Amino acid sequence: MFSLRDKKIANEIVSKIKKMDVNLKFMHVCGTHQDTLVKNGLDVLFRECSIDIGQGPGCPVCVTTPREIEEMLLLARKGKVVTTFGDMIQVPGEKYSLQSMRTEGYDVQMVYGIEDAVNLAENRKDKDVVFMAVGFETTAPTTASVLIKDLPSNFSILSCHRIIPPALKAILDMGELKIDGFIEPGHVSTIIGLKPYEFISKDYDVPQVIAGFEPLDLLMAVWMLVHQIQRGEAAVENEYVRAVKEDGNIKAQMAINEVFELVDVKWRGFPVIPKSGLKLRDKFEDYDARKRYEDKLQDLSGKEFNEPAGCRCGEVLRGLISSQECPLFGNKCTPSTPVGPCMVSIEGSCSIEYRYAKKQ
Amino acid sequence: MCLAIPGKIVSLDKKKEYASIDYGDGTKRKANVSLVDVKIGDYVLVHAGFAIQVLDEKEANETLDLFREMLSSEEEA
Ligand code: SF4
């Protein structure tokens, strides 16, 4: 169903890219792109064409900050039923993860989506249920559409939603590495369309291509980027036309705008990124766990939470090092003994690298 | 997290809020379709229990042609 496989075109693209004779550094911001790249050996193939493609901050679980994890741990400790996506549960905090707290008997539940968390709240009227809402523009509208409906009064969310375009800007502003082009995330783009990326090409002269998730999509996206560069252009192009419309999904955008406002937030590995986080608007404050449990979360105020010792997720997320360059990769840090979130999340580049490549 | 799976809408409730989605591998599951305008037979991308976008069957069928066209136009240029 809608798969895109054609060896002949794939070979043609590869030979054209080889002939283009370039030396370029691209970044994508999506775990699913990284999965396609590494699983199919495209990362190696592109490197042979002198094109290096790294994963930036494109893993929602990975960029969630140590403080946000401590907030959830604290709420679990205070007797709340804490719900979130499977990956998030395993991310190590300073001393515990939600997983290890569950083993100690605290009420932590894994859900597939926010509606499962709401159903849980409806069935557990005697308890307060908090949903840790993680995710980019792909996931934020699912949270928003539920918030607009009538919700059980024992339900609230801890919003850790973030949006992608300000993070792209942050990467470029930090200037730690030269990026010749961005491969933009297909599913985020189904929601936001093309426009929110345009300022990047205009202000920074960086080409961008929105790509789907088949190997052929990524081959084509890379060819389109190289082609733009060779013509001296910098624009936003859409390779994933079967799913991404120019204007995105307007209904979903309206839901996000009704429920959330943009705020400055920190991302793991980054300083505060202006207007990159989604906070519940005041009219939804009854469902905002940070408001509702302000007194309880006070315990964390003024405290600093550090990255796990030795973990280099920050540099991985900024595209400065590959997972294999972290000394802990594959020995102290593995999927069954993860030190940082990039090894926990199936979208984290350390986990993907371990899954397909292992330590060489 | 941003993973979304394509599936086909096989039935819709009266309020067009929920649909039963066939994922083509023998599994059918309910998804919330309130973020999209859909009818039975449409293909959608489903993420975290929600349909987030309708897939364009025509564009999907023509993607390879489009690629061929783009690749050959480069040669003429
Ligand atoms: S390998 Fe482990 S410790 Fe190293 S950056 Fe990745 S998650 Fe962190």
Side-chain angles (χ1 to χ4, degrees), chain A residues 1-4 6 9 12-13 16 30-32 35 58-61 85 87-88 111-116 134-139 141-146 148-149 185-188 190-191 212-213 216-217 220 223-224 227 231 239-245 248-249 251-252 255 345-347, chain B residues 1-10 15-19 21-38 41-77:
Chain A
M1 184 190 299
F2 292 105
S3 70
L4 203 61
D6 186 311
I9 296 196
E12 192 183 335
I13 301 175
K16 276 183 191 290
C30 178
T32 317
D35 192 273
C59 159
V61 168
F85 299 105
D87 281 6
M88 202 64 237
V111 292
Y112 171 65
I114 187 169
E115 288 197 329
D116 294 348
V134 185
F136 298 136
E137 290 95 326
T138 324
T139 321
T142 70
T143 304
S145 82
V146 163
I148 294 167
K149 292 194 288 197
H187 292 142
V188 163
T190 62
I191 304 296
F213 302 94
L216 202 48
D217 286 316
M220 197 60 201
W223 179 82
M224 288 164 80
H227 203 221
R231 283 178 314 197
E239 180 278 333
Y240 196 28
V241 283
R242 60 196 188 278
V244 174
K245 322 252 183 305
N249 178 339
K251 251 189 183 177
S345 173
I346 52 160
E347 302 225 306
Chain B
M1 279 273 331
C2 295
L3 189 66
I5 315 275
K8 186 178 182 172
I9 297 195
V10 288
K15 283 158 75 190
K16 294 205 171 177
E17 199 180 356
Y18 290 96
I21 314 258
D22 182 350
Y23 291 93
D25 56 355
T27 55
K28 269 190 211 137
R29 271 200 305 271
K30 195 177 89 165
N32 184 312
V33 290
S34 61
L35 293 169
V36 284
D37 292 314
V38 282
D42 282 349
Y43 284 89
V44 286
L45 277 174
V46 181
H47 165 76
F50 284 72
I52 54 163
Q53 188 54 284
V54 186
L55 284 168
D56 192 323
E57 216 171 336
K58 190 166 159 280
E59 294 276 16
N61 292 333
E62 288 172 2
T63 298
L64 287 175
D65 289 339
L66 181 78
F67 286 179
R68 284 192 198 99
E69 211 175 287
M70 289 168 72
L71 291 166
S72 64
S73 73
E74 175 220 25
E75 259 142 39
E76 287 153 25

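Throughout, a chain's letter reflects where its sequence line sits, starting with A, and its residues are numbered from 1. Model, not experiment: these values are computed from the prediction.
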Which portion of A:M224 sits near chain B, non-hydrogen atoms under 4.5 angstrom: side chain
Toward chain A, the part of B:V44 with a non-hydrogen atom under 4.5 Å: neither
A:K251/B:D37 salt bridge by N-O under 4.0 Å criterion: yes
Part of A:T142 lying under 4.5 Å from any heavy atom of chain B: both
Residues forming a side chain to side chain contact (heavy atoms under 4.5 Å, CB included) with B:N32, sequence neighbours excluded: A:E115, A:K149, B:Y18, B:S34, B:F50
Ring pair (Phe, Tyr, Trp, His ring centres under 6.0 Å) partners of B:F67, counting only residues at least two apart: none
Within the 6.0 Å centroid threshold, strictly below: A:F136 and A:H187: no
Among A:G248, A:A243, A:G113, residue most engaged with chain B (heavy-atom pairs, under 4.5 Å): A:A243
Spacing of NZ belonging to B:K8 relative to CG belonging to B:L55, to within rounding of 0.5 Å: 12.5 Å
Side chain / backbone / both / neither for B:L64 at chain A, heavy atoms under 4.5 Å: both
